[in-house]
Asker: 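My structure is below; once you've seen it, I'll send some questions.
Computation of the quantities below employed the complete heavy-atom set of this structure, encompassing side-chain atoms and omitting hydrogens, waters and symmetry-equivalent molecules. Whatever order the structure lists ligands and atoms in, that order sets their numbers, starting from 1.
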Amino acid sequence: MTTTKAFANHAADKPMVPFTFERREPGAHDVAIDIEFCGICHSDIHTARGEWGPTTYPCVPGHEIVGKVRSVGAQVKRFKAGQTVGVGCMVDSCQQCASCKEGLEQYCESGFTGTYGAPVKYEGGYTKGGYSTHIVVNEKFVLNVPENLNLAAVAPLLCAGITTYSPLRHVGVKKGDRVAILGLGGLGHMGVKLAASFGAEVSVLSHSPGKREDAKRLGAHQFILTSEPANIEKYQGYFDYILDTVSAKHDLGQALSLLKRDGTLMMVGASDQPLDLSVFSLIMERRKIVGSLIGGIAETQEMLDHCGRHGIVSDIELIAAEKINQAYERTVKSDVKYRFVIDCKTL
Ligand code: NAP
Ligand code: ZN
C-alpha cells in the first residue's frame, strides 16, 4: 500500500480539504504513477457537488493526470520507471464487448470504470482520482505523453482534449468546414485549437464579451456574442457543425438556427438540467443533434500524438492545491483562462 495525499470533499455542499488514503500495490499488469499535474474539469465540479446524481464521499476528483512512472508490474511491457505518462477519464473496462473490441471503451457495454467515483474492489470500494500524489492503473489505460510539450499544459488534453477531438474526428471535420465552438471554457478552447488544426474555419459562440480577443488568439476566425441578436441574425444557417461545450442550461434553438441544412450539433457539455428542444429547428432543415462521450484509449493516444506534432497544449492557470475551491468558484462563473491545473507537489 502507498500512502497518498489528496484533496477531497466529504459532502456535496462541503469544500475540498486535505485527505489521505492508501493506494493498492501494483498488480502484474499495473503501472504505479507519481502524479505531477492534474487538470480541473467541470465534470469534477458536477460530481463533487452531486449535480449529476448521488456521489460517493469522500470524493477525490481528477481525470486529467500527467506524471512519472514509479514502478510497473511484472507483466507490463509498454512502460518503465521514469517515463512520462497520462491517465484520462477511464481506468478499466470489460475488454470483451463489441465497443471495447472496437477501441470504444467509453461505451463499454458493462460500463467503464471511471477514474474517480466508480465501484471497485480495492481502495475502500470506489476509485479516487488525480487530485492526489499517486495512482495505480492497468497499463491498457495508461497513455504515452509527448515529451516535447509543457507537461502541466498537457494534463487537460486527457479529458478536454479528447472530448473535443473525438466528435470533430467522428464527423470528419476538414479543411474549409465552418465549425462553431459554443462555450469558451476548458473543452471549448481545446475545440478551437483542434478544429483549427484540422483546417476548419472556426468561430466561437460565447456569452462572455471579455473573451473576444482570446478567441482570436486561440485560433478562431470569428467571435460571436450569443446575447447580441444582430450577430445571431447574421450567422443564421451558416455552420456545418457546432460543438456545444456549455456546462449549464442554455438555448438549443438558437444554436440549431445557426446550422446549415443537414448541419450537425454535437453535444459534449453536460448540463445537469434538461434542455428544451422545439423539433421544428430539426425538421425544417433536416438538422441533426448527436452526443459524444470522451474518446477511446487508442483515439486518446492518437490525439496526444497529433498535439505533439502540432505543438498543441491547453492554456492553463497552474495553481496550488489550497486554491482548488477558488478555482471551482471561478470555473462556475465562466472565469477560467482556460483550464485550472493543480501542481500536485502542493498536495
Ligand atoms: P468550463 O470550463 O466551465 O466551460 C464551460 C463554458 O460554458 C463556460 O466557459 C462558458 O463559456 C459556457 N457557459 C457556462 N455557463 C453558461 C450559461 N449559463 N449560459 C451559457 N454559457 C455558459 O467547463 P468544461 O470543463 O469545458 O466542461 C464543459 C461541460 O462539458 C461540462 O458540463 C462538463 O461536465 C462536460 N464534459 C463532458 C464530457 C463528455 O465526454 N461529453 C467530458 C468532459 C466534460 P462562455 O463564457 O464562452 O460563454
Ligand atoms: Zn473531464
Side-chain angles (χ1 to χ4, degrees), residues 38-49 51-53 61-65 86-90 104-107 112 114-117 129-131 155-168 170 180-194 203-215 218 220 223-228 231 242-252 254-255 266-273 275 290-296 299-300 303 314-317 327-341:
C38 183
I40 295 180
C41 177
H42 206 121
S43 303
D44 303 351
I45 305 174
H46 290 307
T47 305
R49 296 184 172 178
E51 292 172 358
W52 284 340
H63 56 208
E64 294 184 336
I65 298 168
V87 178
C89 304
M90 302 184 281
L104 297 168
E105 299 89 349
Q106 73 275 34
Y107 305 117
F112 68 85
T115 304
Y116 57 82
Y131 298 6
L157 301 182
L158 276 305
C159 175
I162 184 59
T163 300
T164 49
Y165 183 94
S166 184
L168 292 169
H170 185 67
I181 307 295
L182 175 53
L184 192 63
L187 266 55
H189 91 293
M190 290 311 309
V192 170
K193 292 185 186 206
L194 290 166
S203 302
V204 166
L205 294 161
S206 170
H207 83 317
S208 301
K211 295 182 182 174
R212 184 180 296 274
E213 293 313 312
D214 284 346
L218 293 164
F223 178 86
I224 302 164
L225 195 56
T226 51
S227 56
E228 262 177 27
N231 250 330
I242 299 177
L243 182 63
D244 184 336
T245 75
V246 174
S247 53
K249 187 163 184 172
H250 60 288
D251 185 356
L252 277 189
Q254 182 190 65
M266 302 178 279
M267 300 300 304
V268 289
S271 167
D272 58 336
Q273 303 294 319
L275 307 184
V290 301
S292 187
L293 176 65
I294 48 176
E299 193 175 39
T300 304
M303 176 276 308
S314 174
D315 283 30
I316 64 162
E317 293 188 48
Y328 273 27
E329 292 310 318
R330 281 188 50 200
T331 301
V332 170
K333 287 190 210 135
S334 305
D335 176 24
V336 46
K337 303 231 169 3
Y338 277 88
R339 195 59 135 189
F340 289 106
V341 173

Asker: If I compare all heavy atoms of A160 with all of G186, which pair ends up nearest, and what's the gap?
Answerer: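 The answer is CB-O, 3.7 Å.
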Asker: Where do G295 and M90 come nearest, in terms of heavy atoms and distance?
Answerer: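 Closest pair (atom of G295, atom of M90, distance): O-CE, 3.5 Å.
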Asker: Among all protein heavy atoms in this structure, tell me which lies nearest to atom 46 (O) of ligand 1, with the distance rounded to 0.1 Å.
Answerer: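 Protein heavy atom at minimum distance: S208 OG, 2.5 Å.
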Asker: Using a strict 4.0 Å cut-off to heavy atoms of C159, name the atoms of ligand 1 that fall inside it.
Answerer: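 Near C159, meaning under 4.0 Å from one of its heavy atoms, ligand 1 has 42 (C), 43 (C).
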Asker: Identify the two heavy atoms, one from G161 and one from L194, that lie closest to each other, and give their separation to 0.1 Å.
Answerer: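 Answer, listing the atom of G161 first, then L194: O-CD1, 3.5 Å.
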Asker: Without hydrogens or angle criteria, can the side chains of Y328 and D44 be said to hold a donor-acceptor pair below 3.5 Å?
Answerer: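 Absent: no donor and acceptor within the cut-off.
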Asker: For ligand 1, which atoms have a heavy atom of L293 less than 4.0 angstrom away?
Answerer: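 What qualifies from ligand 1 is 40 (O).
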Asker: Can you tell me if H42 has an N, O or S atom under 2.8 Å away from the Zn ion (ligand 2)?
Answerer: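 Checking the Zn ion (ligand 2) against H42, no N, O or S atom falls under 2.8 Å.
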Asker: Could you tell me whether H46 approaches ligand 1 through its side chain, its backbone, both or neither, with non-hydrogen atoms closer than 4.0 Å?
Answerer: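 Side chain only.
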Asker: Apply side chain to side chain contact (heavy atoms under 4.5 Å, CB included) to M267 and L252, showing your working.
Answerer: CA-CA 10 Å; M267 300 300 304; L252 277 189; 4.0 Å; yes
Asker: Decide yes or no on side chain to side chain contact (heavy atoms under 4.5 Å, CB included) for L187 and L243, but give the supporting numbers first.
Answerer: CA-CA 10 Å; L187 266 55; L243 182 63; over 6 Å; no
Asker: Working note: L158 + C89, criterion side chain to side chain contact (heavy atoms under 4.5 Å, CB included); need CA distance, chi angles, decisive distance, verdict.
Answerer: CA-CA 7 Å; L158 276 305; C89 304; over 6 Å; no
Asker: Using a 4.0 Å heavy-atom cut-off, which part of Q106 comes near ligand 1: side chain, backbone, both, or neither?
Answerer: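 It is neither; nothing of Q106 touches ligand 1.
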Asker: Going by the atom numbers of ligand 1, which of them fall below 4.0 Å from some non-hydrogen atom of S206?
Answerer: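 Reading through ligand 1 atom by atom, the close ones are 45 (P), 46 (O), 47 (O), 48 (O).
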Asker: When you look at H42 and T245, which way does the side chain to side chain contact (heavy atoms under 4.5 Å, CB included) test go after all the steps?
Answerer: CA-CA 10 Å; H42 206 121; T245 75; over 6 Å; no
Asker: Report the distance from atom CD1 of I294 to atom OG1 of T164, rounding to the nearest 0.5 Å.
Answerer: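 Taking CD1 in I294 and OG1 in T164, the distance rounds to 12.5 Å.
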Asker: Who's the nearest protein heavy-atom neighbour of atom 17 (C) of ligand 1, and how far?
Answerer: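 Result for atom 17 (C) of ligand 1: H207 NE2, 3.8 Å.
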Asker: Which residue supplies the protein heavy atom nearest to atom 23 (O) of ligand 1, what is that atom called, and how far is it?
Answerer: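 Nearest protein contact, heavy atoms only, for atom 23 (O) of ligand 1 is H42 CB, 3.1 Å.
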Asker: Near the Zn ion (ligand 2), is there an N/O/S atom from H63 that is less than 2.8 Å away?
Answerer: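 It does: H63 brings an N, O or S atom closer than 2.8 Å to the Zn ion (ligand 2).
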Asker: Hey, which of I224, T226, L205 is the one that makes side-chain contact (heavy atoms from CB on, under 4.5 Å) with N231?
Answerer: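 One option only clears the test, and that one is I224.
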Asker: What is the nearest protein non-hydrogen atom to atom 8 (C) of ligand 1, stated with its residue, atom name and distance?
Answerer: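 Result for atom 8 (C) of ligand 1: S334 OG, 3.5 Å.
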Asker: Could you check which of A270, A215, A248 puts a non-hydrogen atom nearest to atom 18 (N) of ligand 1?
Answerer: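 Nearest option to atom 18 (N) of ligand 1, by heavy atoms: A248.
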Asker: Identify the protein heavy atom lying closest to atom 37 (C) of ligand 1, giving its residue, its atom name and the separation to 0.1 Å.
Answerer: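 It is V268 O, 2.9 Å.
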Asker: Judged on heavy-atom distance to atom 38 (C) of ligand 1, which of I294, V336, T163, T47 sits nearest?
Answerer: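 Among I294, V336, T163, T47, the closest heavy atom to atom 38 (C) of ligand 1 comes from T163.
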Asker: So, for A255 and L182, which heavy atoms are closest and what is the spacing to 0.1 Å?
Answerer: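 The pair with the smallest heavy-atom distance is CB-CD2, 4.0 Å.
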Asker: Hey, which atoms in ligand 1 end up nearer than 4.0 Å to a heavy atom of T245?
Answerer: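 Ligand 1 atoms under the 4.0 Å threshold to T245: 5 (C), 28 (C), 29 (C).
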Asker: How far is atom 34 (O) of ligand 1 from its nearest protein heavy atom, and which residue and atom is that?
Answerer: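 The answer is S43 OG, 2.8 Å.
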Asker: Strictly under 4.0 Å, does any heavy atom of A160 approach an atom of ligand 1?
Answerer: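 No, A160 has no heavy atom closer than 4.0 Å to ligand 1.
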Asker: Give me the atom names and distance for the closest heavy-atom approach of K211 to S206.
Answerer: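 Scanning both residues, the minimum pair turns out to be CD-OG, 4.2 Å.
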Asker: With respect to V246, determine whether any N or O atom, backbone or side chain, lies less than 3.5 Å from an N or O atom of ligand 1.
Answerer: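 Among all N and O atoms of V246, none is under 3.5 Å from an N or O of ligand 1.
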Asker: So, K249 and D251, do they make that salt bridge, N to O below 4.0 Å?
Answerer: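 No.
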Asker: Which option out of L187, T226, I162, L184 puts a heavy atom nearest to atom 11 (O) of ligand 1?
Answerer: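 It is L184 that holds the nearest heavy atom.
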Asker: Students should be able to answer this: which protein heavy-atom is nearest to atom 25 (O) of ligand 1, and at what distance?
Answerer: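 It is R339 NH1, 2.6 Å.
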Asker: Just need the protein heavy atom nearest to atom 30 (O) of ligand 1, so name the residue and atom and give the distance.
Answerer: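 In this structure, atom 30 (O) of ligand 1 has G269 CA, 3.3 Å as its nearest protein heavy atom.
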Asker: Of all the atoms in ligand 1, which lie at a distance below 4.0 Å from a heavy atom belonging to T331?
Answerer: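 Ligand 1 atoms under the 4.0 Å threshold to T331: 3 (O).
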Asker: Rounded at 0.5 Å granularity, tell me how far OG in S292 sits from CE in M266.
Answerer: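 The distance works out to 8.5 Å.
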Asker: Under a 4.0 Å heavy-atom limit, does W52 contact ligand 1 with its side chain, its backbone, both, or neither?
Answerer: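 The answer is the side chain of W52.
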Asker: For a quick test of reading the model, state the closest non-hydrogen atom pair linking G130 to C38 and the distance between them.
Answerer: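 Closest heavy-atom pair between G130 and C38: O-CB, 3.3 Å.
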Asker: Which atoms from ligand 1 have a heavy atom of G183 less than 4.0 Å away?
Answerer: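 By the 4.0 Å cutoff, the relevant atoms are 11 (O), 47 (O).
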Asker: Which ligand 1 atoms are under 4.0 Å away from a heavy-atom of K211?
Answerer: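 So the atoms of ligand 1 that pass are 9 (O), 11 (O), 45 (P), 46 (O), 47 (O).
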